[in-house]
Amino acid sequence: MSSALPYKKGLHSIDPYIPGKRLEEVVKELGLSKVIKLASNENPLGCSPRVPEAAVAVLQAPSRYPDGGNSELKAELSRLTGLGPQQFVIGAGSFELIAFVAETFIGPGDEAIMPTPSFSWYGTVTKLQEGRIIQVPLTTHNVDLDAIKREITAKTKVIWLCNPNNPTGTIFTDEQLRRFLEDIPSSIVVAMDEAYCDFVTGGQGYPDTLNWIGRYPNLIVLRTFSKIYGLASLRIGYAAASEETADYMNRCRQIFNVNAVAQASALAGLKDAGFRERVYENNRLGKEYFYKTFGELGLDYIPTEASFIMVHTGQDSDTLYQQLLKEGVIIRPGSAYGMREWLRISIGTMEENRIFIEALRKVLKAPEAAGSSKN
Ligand SMILES: *Cc1c(COP(=O)(O)O)cnc(C)c1O
């Protein structure tokens, strides 16, 4: 395996990529007729019916390069948020935008801080730039802003925050974030990943960060079209920041990073508030259902502000994952996040939620499940 090729140093500390199982593979391997996937926080209602229309129109004439300036999309985002069009960076999903943040601010030997467990990509992009990632454990499943503050050094360039946090679904409030931003040096970038902001039901207290960028130019807000808009396969998201930061981030971007189908689809999605309302409501009802049934089953769970929920089973999550697979339900084992006895369930349609609960009841009763508990 070890050749003399000059692989970059940062790559050594990054785990090789192992793709997740596709739905079709699971169906085939297990010989099941119906499999439901509640593992990747995909939109259970699909996308707005306006999206395929817009996408097909673009596909009629694919020969031209897309608009590298994403001008229509930025104009619409500007109209909706009150920010200037120059304050946006459009990326091939938040994944790419997170990488842009690292490319813009992190160099060899620099430090970045992230909560853990959270979205592991923050760590990967930091290491790719040969930076050092400092992981700060959650406190009772919440991002601990005070503990993060204590890890700041002269080398800290970026603080990654995820609100609501993936995988716990917890939020920190505007008051907490305000205090944090006031306390830390204004030269440290705070990258706020708000992939699940549209699902928050706690309402009061969730920070309206887009309105804070004027006051805190070190704030970068990351949003995606993959979740409430249901465009995960098209790969598109946006960052909002000061004009200066957006300008620098745009220098990292290859000008045609987001294709025309994705741009048109995002625009169509933005214009369908009714669809997003239906998704929000489905999610709200789904989580109420889970709260109730987990309660009945005597299972602990983390109240969630996102489109997924973590439940404590007291059993080994990898074993339960395999057992649930055989029942035709794909979920995310907590082991992936160092939460061995937890499962992360994407909230699905009510039918999918019920199928999951039935499968869970069944496997929790199974003797192998009981025997697998290592406590
Ligand atoms: C799903 C998710 C994203 C979205 O990534 P895309 O590249 O936009 O699909 C970003 N951050 C978190 C925490 C997520 O869970």
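Every heavy atom of this structure was used, including side-chain atoms; hydrogens, water molecules and symmetry mates were not. Heads up: numbering here begins at 1 and tracks the sequence.
With Arg253 contributing its side chain and Gly68 its backbone, the two residues share a donor-acceptor pair below 3.5 Å. When atom types are taken as modelled, the side chain of Trp342 and the backbone of Gly334 share no donor-acceptor pair closer than 3.5 angstrom. At least one donor-acceptor pair closer than 3.5 Å links the side chain of Asn250 to the backbone N or O of Ala246. Side-chain atoms of Glu72 do not come within 3.5 Å of backbone N or O of Leu267 as any donor-acceptor pair. Checked by atom type and distance alone, the side chain of Thr313 pairs as donor or acceptor with a backbone atom of Glu341 at under 3.5 Å. Remark: side-chain polar atoms of Asn283 are paired, donor with acceptor, to backbone N or O of Ala306 under 3.5 angstrom. No donor-acceptor distance shorter than 3.5 angstrom exists from the side chain of Asn218 to the backbone of Val190, with no hydrogens or angles considered. Remark: the backbone N or O of Thr201 is paired with a side-chain donor or acceptor of Glu305 at under 3.5 angstrom. A donor-acceptor contact shorter than 3.5 Å is absent between the side chain of Asn166 and the backbone of Phe119. Remark: side-chain polar atoms of Asp144 are not paired, donor with acceptor, to backbone N or O of Pro115 under 3.5 angstrom.
Remark: Arg251 is positioned above the aromatic ring of Tyr248, its terminal NZ or CZ atom under 6.0 angstrom from the ring centre and at most 45 degrees off the axis.
One side chain, Asn165 or Ser118, offers a donor N or O that lies under 3.5 Å from an acceptor on the other. Between the side chains of Tyr238 and Asn70, not a single donor N or O lies within less than 3.5 Å of an accepting N or O. Checked by atom type, the side-chain pair Thr126/Trp160 shows a donor-acceptor distance below 3.5 Å. In summary, the side chains of Asn41 and Arg332 do not present any donor paired with an acceptor at a separation below 3.5 Å, with no hydrogens or angles considered. Between the side chains of Asp110 and Gln129, no donor N or O sits under 3.5 Å from an acceptor N or O.
Atoms CG and CG, on Leu161 and Leu222 in that order, are 10.5 Å from each other to the nearest 0.5 Å.
Taking the six-membered ring for Trp and thresholds of 30 and 60 degrees, Phe294 and Phe290 have nearly parallel ring planes, at less than 30 degrees apart. Note on ring orientation: taking the six-membered ring where Trp is involved, the planes of Tyr301 and Tyr291 are parallel (angle under 30°, cut-offs 30° and 60°).
Of all heavy-atom pairs spanning Ser48 and Asp272, the tightest one is OG-OD2, 2.6 Å.
Look at Glu53 and Arg50 and you find no salt bridge, because none of the NZ, NE, NH1 or NH2 atoms lies under 4.0 Å from a carboxylate O. Remark: Arg150 does not engage Asp146 in a salt bridge, criterion side-chain N to carboxylate O under 4.0 Å. Between Glu358 and Lys362, no side-chain nitrogen of the basic residue sits less than 4.0 Å from a carboxylate oxygen of the acidic one, so the salt-bridge criterion is not met. Of the charged side-chain nitrogens involved, none lies within less than 4.0 Å of a carboxylate oxygen, so that Arg178 and Glu175 do not count as a salt-bridged pair. Between Arg215 and Glu182, at least one side-chain nitrogen of the basic residue sits less than 4.0 Å from a carboxylate oxygen of the acidic one, meeting the salt-bridge criterion.
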Given Met310 and Thr304, is the side chain to side chain contact (heavy atoms under 4.5 Å, CB included) satisfied, shown in steps? CA-CA 8 Å; Met310 291 208 86; Thr304 181; over 6 Å; no
Would Asp198 and Arg276 count as a salt bridge (Lys or Arg N to Asp or Glu O under 4.0 Å) if you check the C-alpha gap in whole Å, the side-chain angles of each, and the deciding distance to 0.1 Å? CA-CA 8 Å; Asp198 303 288; Arg276 296 200 293 284; 5.4 Å; no
Please assess Leu299 against Leu364 for the test side chain to side chain contact (heavy atoms under 4.5 Å, CB included), listing each intermediate value before the final yes or no. CA-CA 11 Å; Leu299 300 176; Leu364 287 179; 3.9 Å; yes
Would you check, one step at a time, whether the test salt bridge (Lys or Arg N to Asp or Glu O under 4.0 Å) holds for Arg79 with Glu76? CA-CA 5 Å; Arg79 199 181 66 73; Glu76 182 65 9; 2.9 Å; yes
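Residues Phe225 and Leu73 form a side-chain contact, since some pair of their non-hydrogen atoms from C-beta on lies under 4.5 Å apart.
When Arg344, His312, His141 are each tested for a side-chain contact (heavy atoms from CB on, under 4.5 Å) with Met339, only one passes: His141.
Hydrophobic clustering (side-chain heavy atoms under 4.5 Å, transitive across Ile, Leu, Val, Met, Phe, Trp, Tyr) keeps Phe308 apart from Ile357.
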